[in-house]
Amino acid sequence: MNSKLRIMGMFLVMLVSVMFATNGLAAKAVVEEKVIEKEVVIEKVVLKEKYVKTADNFIILFDSSGSMGEPYKDTGMKQVEVARKILKERNQLLPELDWYAGLYTYTPFKAYLDMQPYFKVQADAAINKLPTAKAGVYKEDATQDPTPLGEAIQKLDKILSRVSGRTVVFLFSDGTYTLRKYFEVEPVPEAKKLAAKYDVCFYVFSSAKTQKAKIKIL
């Protein structure tokens, strides 16, 4: 038998869908791998992954209010801790594709990553700074621990005015929010105003426990 017999294998590996929790930032990667065995020399060629962006920017609105301190099902974790865990995991999966990204809490409104070019390391550092201890037992008196979601969405106007292209807003919420006296700003009407003005869409990560809260956030 010829000792220089060549064995060639071609593996068309997979079509991978990389997603940031929803279809909002879908990016596809196709990897083709060819392995050639020649005597004792193995040559391996891997083609560069190719991704296609479906959005240019993304903004995360994070709820760290007192009601997010409630336990999440039987996980042994608070809702706010679960939300932060999801963010960290998805950030590790997300490729760096020249997105602009921002991370903000709205309880109160604060920038943890002001709108800027997305880099995995900076985003992870910002996620680590998100509050978890602040969230505690839910208080019936919302004035002591407000969740002004409508006002937060309203504030996105200035942020969206600084970017171009399509923007996805990922909203973490337990379905509750606060309307301030004499200054009532409902979330849904404000979101509709932004959608009419900019190329923006909203995705909600809801940990709502009641049907009323589930409906309220829609």
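Residues take their numbers from the sequence shown, with the count starting at 1. This one's a predicted model, so the numbers in the text were calculated from it and none came from an experiment.
- To the nearest 0.5 Å, atom CG of residue Leu87 and atom CG of residue Leu130 are 6.5 Å apart.
- Counting heavy atoms of neighbouring residues, nucleotides and ligands inside a 6.0 Å radius, atom CZ of Phe202 exceeds 12 of them.
- A donor-acceptor pair under 3.5 Å is absent between the side-chain atoms of Lys120 and the main chain of Glu96, judged by distance alone.
- Atoms CD1 and CD1, from Ile127 and Ile86 in turn, are 11.5 Å apart once rounded to the nearest 0.5 Å.
- A donor-acceptor pair is defined here as one N or O able to donate and one able to accept, closer than 3.5 Å; no such pair exists between the side chain of Arg84 and the backbone of Thr132.
- Between Glu89 and Lys85 there is a salt bridge, since at least one side-chain N of the basic residue sits less than 4.0 Å from a carboxylate O of the acidic one.
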CA sep, side-chain torsions, deciding dist, call: Val200, Val169, side chain to side chain contact (heavy atoms under 4.5 Å, CB included)
CA-CA 7 Å; Val200 61; Val169 176; 3.8 Å; yes
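- Side-chain atoms of Ser65 and Ser67 include a donor-acceptor pair closer than 3.5 Å.
- Under the 3.5 Å distance criterion, the side-chain polar atoms of Trp99 are left unmatched by any main-chain donor or acceptor of Phe58.
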Show your reasoning for whether side chain to side chain contact (heavy atoms under 4.5 Å, CB included) applies to Asn128 and Lys88.
CA-CA 8 Å; Asn128 286 336; Lys88 286 186 68 67; 2.7 Å; yes
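- Remark: side-chain polar atoms of Glu81 are paired, donor with acceptor, to backbone N or O of Lys78 under 3.5 angstrom.
- Remark: Glu151 CD to Glu190 CD distance equals 9.5 Å, nearest 0.5 Å.
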Check step by step if side chain to side chain contact (heavy atoms under 4.5 Å, CB included) holds for Thr167 and Tyr198.
CA-CA 8 Å; Thr167 303; Tyr198 303 102; over 6 Å; no
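- With salt bridges taken as basic N to acidic carboxylate O contacts below 4.0 Å, none links Asp56 and Arg166.
- Between Asp98 and Pro117 the shortest side-chain heavy-atom distance does not fall below 4.5 Å.
- The backbone N or O of Leu149 sits nowhere less than 3.5 Å from a side-chain atom of Thr147 that would complete a donor-acceptor pair.
- Under a 3.5 Å cut-off, the side chain of Asn57 and the backbone N or O of Ser164 do form a donor-acceptor pair.
- The cluster map of Ile, Leu, Val, Met, Phe, Trp and Tyr, joined by side-chain heavy atoms under 4.5 Å apart, puts Phe119 and Val163 in different clusters.
- The structure places NZ of Lys73 at 10.5 Å from CD of Gln79, a figure rounded to the nearest 0.5 Å.
- Between Leu97 and Tyr118, every side-chain heavy-atom pair lies at or beyond the 4.5 Å cut-off.
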Worked verdict on Val80 versus Asp63 for side chain to side chain contact (heavy atoms under 4.5 Å, CB included):
CA-CA 7 Å; Val80 70; Asp63 185 355; over 6 Å; no
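- Under the side-chain contact (heavy atoms from CB on, under 4.5 Å) test applied with Leu61, the options Phe205, Phe172, Phe109 reduce to a single match, Phe109.
- Salt bridge annotation for Arg162-Asp157: absent, with no cationic side-chain nitrogen under 4.0 angstrom from a carboxylate oxygen.
- For an aromatic pair to be called close, the ring centres must be under 6.0 Å apart, and Tyr112 with Phe62 fails this.
- Note that CD1 of Ile153 and NZ of Lys192 are 12.0 Å apart. Values are rounded to the nearest 0.5 Å.
- Applying side-chain contact (heavy atoms from CB on, under 4.5 Å) to Tyr104 and the options Leu113, Ile159, Ile60 leaves one that passes, Ile159.
- Interatomic distance, CG of Leu103 versus CE of Met115, reported as 11.0 Å (0.5 Å rounding).
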Kindly indicate, with the supporting measurements, whether the criterion side-chain hydrogen bond (donor to acceptor under 3.5 Å, both in side chains) is fulfilled by Tyr72 and Asp174.
CA-CA 10 Å; Tyr72 183 71; Asp174 62 1; over 6 Å; no
